[in-house]
Student: 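Below are the structure tokens for one structure; questions will follow.
A quick note: this is a predicted structure, and the numbers were derived from the prediction, not measured. Atom set for the values below is all heavy atoms of this structure, side chains included, hydrogens, waters and symmetry mates excluded.
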Amino acid sequence: NIWEDLRMDKGILYIVPTPIGNLKDITLRALEVLNDVDLIAAEDTRQTLKLLNHFEIKKTLISYHKYNEKNKSEDIINLINEGKKIALVSDAGMPGISDPGSVIVKCCIEQGVKFEVLPGATAFTTALVYSGLDTTKFLFRGFLPRENKERKPIIQDIINCQETIILYEAPHRLLDTLSFLLSNLGDRKIAVCRELTKLYEEIYRGSISESVNYFQVNKPRGEFVLVIEGKRIEDIEEEKKSIWIDLSIEEHILSYINNGISKKEAIKMVAKDRNLPKNEIYKFSTDL
């Protein structure tokens, strides 16, 4: 492979996930890479040092966080091009998932720099399985913005999603976020997952309103993952029905036509809405 031959004298970047709580969740491959690289770029060098000390790994650490990742990415790529092997880690979980990492991956792709992504622990997949909600399709949105005016557009994007919705949240914002979700999504099923894989791991399952009541009594502590039921098909159908339930059949047909739908298609749609034969609906359209 000519491309590989050209890069034989070059270094490499490893994206290395670290445990989200329990240190035993680190993979053998991750330990092998951390032992082998020339230096480690860490979101918080103090946090990473605890991990390295636990596994008796001694390496040079450099800081790589959301406030310096643009400039630091170029520095790291220059070192890789000089032949250095570098590991990128965040405080916990997979770099790039609600943590620094996506910027340098994009730079590597643009500049043809070799990198490898190691598999490992990620909080949102663990929480999703714990939730007992639909795992076949889901939407991960990380942390919601702090301000309502910034959160509103995001909620409007996901309010009608049938996918299970996954969010991250900090303890001091948990109750505010739960109340916001209750007001905007309605009282859906939710799993509130706390301190995953750690000593005080807790999974609270119930409705959003029940979770508000629970955490008003039990002070939120630790990091949280919220797994929220997607919009149910029955609710979608009920909302559609509420739009036309008070309309006559003629008015129902006209409501579609006025939205630019052909008369023929409008008849089909009204028949489907009302669960009636098309020829019966057609009788009401002849004078329209």
Student: Could you tell me which non-hydrogen atom of L196 sits nearest to which non-hydrogen atom of I203, and how far apart they are?
Tutor: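 Between these two residues, the closest heavy atoms are CD2-CD1, 3.8 Å.
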Student: Sub-3.5 Å donor-acceptor pair from the side chain of N35 to the main-chain atoms of E32, do we have one?
Tutor: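 No; zero donor-acceptor contacts below 3.5 Å.
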Student: Hydrophobic clusters here meaning ILVMFWY residues chained together by side-chain heavy-atom distances under 4.5 Å, can you tell me if I76 and Y14 are in one?
Tutor: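 Per the 4.5 Å side-chain linkage, I76 and Y14 are not co-clustered.
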Student: Got I40 and T60 here, is their nearest side-chain heavy-atom distance under 4.5 Å?
Tutor: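 The answer is no; the side chains never approach within 4.5 Å.
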Student: Are there over 12 heavy-atom neighbours, none belonging to F138, within less than 6.0 Å of that residue's CZ?
Tutor: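 Result for CZ/F138: open.
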Student: Is it true that, when you exclude E150 itself, more than 12 heavy atoms of the residues, nucleotides or ligands shown sit nearer than 6.0 Å to its CD?
Tutor: yes
Student: What are the two closest non-hydrogen atoms of G101 and E69, and how far apart are they?
Tutor: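 Closest approach of G101 to E69, heavy atoms only: N-OE1, 3.6 Å.
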Student: Taking only Lys NZ, Arg NE, NH1 and NH2, and the carboxylate oxygens of Asp or Glu, determine whether K85 and E116 approach each other closer than 4.0 Å.
Tutor: no
Student: Rounded to the nearest 0.5 Å, what separation is found between the OG atom of S211 and the CZ atom of F224?
Tutor: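 If I round to the nearest 0.5 Å, the distance is 10.5 Å.
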Student: With the side chain counted from C-beta on, respond yes when L49 and L61 share a heavy-atom pair under 4.5 Å apart, and no when they do not.
Tutor: yes
Student: Which pairs, with at least one residue in residues 158-183 and sequence neighbours excluded, count as a ring-ring contact (aromatic ring centres under 6.0 Å, His included)?
Tutor: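 Found F140-Y168, F143-Y168.
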Student: Are L79 and V16 connected into the same hydrophobic cluster when the rule is that any two of I, L, V, M, F, W, Y join if their side-chain heavy atoms are below 4.5 Å apart?
Tutor: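 No, V16 does not connect to L79 through the hydrophobic network.
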Student: Clusters formed by hydrophobic residues whose side-chain heavy atoms approach within less than 4.5 Å: which one holds V129, and what are its other members?
Tutor: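 None, because no other hydrophobic side chain comes under 4.5 Å of this residue.
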Student: Could you check I228 against I158 for side-chain contact (heavy atoms from CB on, under 4.5 Å), going step by step and ending with a plain yes or no?
Tutor: CA-CA 11 Å; I228 308 147; I158 65 178; over 6 Å; no
Student: Which residues satisfy the ring-ring contact (aromatic ring centres under 6.0 Å, His included) test with Y64, sequence neighbours excluded?
Tutor: none
Student: For N259 and S255, indicate whether the former's side chain and the latter's backbone hold a donor-acceptor pair under 3.5 Å.
Tutor: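 A pair under 3.5 Å: yes.
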Student: Only counting residues at least two apart or in another chain, list the ones meeting salt bridge (charged side-chain N to carboxylate O under 4.0 Å, His left out) with E265.
Tutor: K268
Student: Hey, could you give me the CD1/OG1 distance between I190 and T164, rounded to the nearest 0.5 Å?
Tutor: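 These two atoms lie 11.5 Å from each other.
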Student: Can you sort out the partners of S90 under side chain to side chain donor-acceptor pair (under 3.5 Å), two or more places apart, ordered by chain and number?
Tutor: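 Side chain to side chain donor-acceptor pair (under 3.5 Å) list for S90, sorted by chain: D99.
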Student: How long is the gap from CE on M94 to CD1 on I20, to the nearest 0.5 Å?
Tutor: 12.0 Å
Student: Can you name the residues that form a side chain to side chain donor-acceptor pair (under 3.5 Å) with K58, not counting sequence neighbours?
Tutor: none
Student: Could you work out, with salt bridge (charged side-chain N to carboxylate O under 4.0 Å, His left out) as the rule, every residue matching D44, not counting sequence neighbours?
Tutor: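 Applying salt bridge (charged side-chain N to carboxylate O under 4.0 Å, His left out) to D44 gives R46.
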Student: Not counting sequence neighbours, which residues clear ring-ring contact (aromatic ring centres under 6.0 Å, His included) with F55? List them please.
Tutor: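 ring-ring contact (aromatic ring centres under 6.0 Å, His included) list for F55, sorted by chain: empty.
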Student: Is it the case that Q162 and E229 place a side-chain donor and acceptor less than 3.5 Å from each other?
Tutor: no
Student: When rounded to the nearest 0.5 angstrom, what is the spacing between CG in L144 and NZ in K152?
Tutor: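 Nearest 0.5 Å value for the CG-NZ distance: 12.0 Å.
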Student: Enumerate the salt bridge (charged side-chain N to carboxylate O under 4.0 Å, His left out) contacts for residues 213-225, please, sequence neighbours excluded, ordered by first and then second residue.
Tutor: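 For residues 213-225, and leaving out neighbouring residues, there are no salt bridge (charged side-chain N to carboxylate O under 4.0 Å, His left out) pairs at all.
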Student: Kindly indicate whether the side chain of I104, heavy atoms from C-beta on, has any atom under 4.5 Å from the side chain of L88.
Tutor: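 The answer is yes, as the side chains (C-beta and beyond) meet within the 4.5 Å cut-off.
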Student: Does NZ in K84 sit with more than 12 non-hydrogen atoms of other residues, nucleotides or ligands closer than 6.0 Å?
Tutor: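 12 or below, so no.
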Student: Would you say V89 ends up clustered with V105 if hydrophobic residues are merged whenever their side chains have heavy atoms under 4.5 Å apart, either directly or through other cluster members?
Tutor: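 Hydrophobic grouping puts V105 apart from V89.
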Student: Does K114 reach the main-chain N or O of G11 with its side chain, forming a donor-acceptor pair under 3.5 Å?
Tutor: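 No, the answer is negative, given that no donor and acceptor are paired below the 3.5 Å cut-off.
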Student: Which atom pairs, donor and acceptor, lie under 3.5 Å between side-chain atoms of residues 117-127 and protein residues at least two apart or in another chain?
Tutor:
| unit_1 | atom_1 | unit_2 | atom_2 | d |
| --- | --- | --- | --- | --- |
| T125 | OG1 | T122 | O | 3.0 |
| T126 | OG1 | T122 | O | 3.2 |

Student: Scan for ring-ring contact (aromatic ring centres under 6.0 Å, His included) pairs involving residues 17-51, sequence neighbours excluded, and state none if there are none.
Tutor: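 Applying ring-ring contact (aromatic ring centres under 6.0 Å, His included) to every pair that reaches into residues 17-51, excluding sequence neighbours, yields nothing.
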Student: Minimum heavy-atom separation for Y256 and M269, please, with both atom names.
Tutor: CE2-CE, 3.3 Å
Student: Are the side chains of T27 and P17 in contact, using a 4.5 Å heavy-atom criterion?
Tutor: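 Heavy-atom side-chain distance check fails, nothing below 4.5 Å.
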Student: Is there a donor-acceptor pair under 3.5 Å between the side chain of R141 and the backbone N or O of I155?
Tutor: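 Not at all, since once roles are kept as given, no pair shorter than 3.5 Å links the two residues.
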Student: Among pairs that include at least one residue of residues 162-191, which meet salt bridge (charged side-chain N to carboxylate O under 4.0 Å, His left out), considering only residues two or more places apart or in two chains?
Tutor: R151-D176, E169-R173
Student: Between C108 and L13, is any pair of side-chain heavy atoms under 4.5 Å apart?
Tutor: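 Yes, their side chains come closer than 4.5 Å.
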Student: Within this structure, what is the CD-CG distance for the pair E82 and D38, rounded to the nearest 0.5 Å?
Tutor: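 Rounded to the nearest 0.5 Å, the CD-CG separation comes out at 11.0 Å.
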Student: Short question: side chain of S102, backbone of G96 - any donor-acceptor pair under 3.5 Å?
Tutor: no
Student: Measure across I159 and N184 and return the closest heavy-atom pair with its distance rounded to 0.1 Å.
Tutor: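 In terms of heavy atoms, the two residues are closest at CD1-O, 3.0 Å.
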Student: Whether the side chain of T45 engages the backbone of A42 through a donor-acceptor N/O pair (distance < 3.5 Å, no angle test) should be reported.
Tutor: no
Student: Judged by atom type as modelled, is there a donor-acceptor pair below 3.5 Å linking the side chain of R194 to the main-chain atoms of P220?
Tutor: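 Side chain of R194 to backbone of P220: no pair is present.
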Student: Should T48 and T18 count as side-chain neighbours, where that means a heavy-atom distance under 4.5 Å?
Tutor: no
Student: Counting heavy atoms not belonging to E147, are there more than 12 under 6.0 Å from its CD?
Tutor: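 No - once you tally the heavy atoms of other residues, nucleotides and ligands closer than 6.0 Å, there are 12 at most.
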Student: Do I26 and L34 come close enough that some side-chain heavy atom pair is under 4.5 Å?
Tutor: yes
Student: Applying the 4.5 Å side-chain criterion to the ILVMFWY set and letting contacts propagate, would L167 and L175 be lumped into a single cluster?
Tutor: yes
Student: Between L178 and Y130, is there shared hydrophobic-cluster membership here, with clusters defined by ILVMFWY side-chain heavy atoms closer than 4.5 Å?
Tutor: no
Student: Tell me, do L226 and I166 make a side-chain contact under 4.5 Å, heavy atoms counted?
Tutor: no
Student: Is it the case that more than 12 heavy atoms not belonging to K106 sit under 6.0 Å from its NZ atom?
Tutor: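 Not more than 12 within 6.0 Å, no.
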Student: Crowded around I109 CD1? As in, over 12 foreign heavy atoms under 6.0 Å?
Tutor: yes
Student: Which value, rounded to the nearest 0.5 Å, describes the distance between E74 atom CD and N81 atom CG?
Tutor: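 Result: 9.5 Å between the selected atoms.
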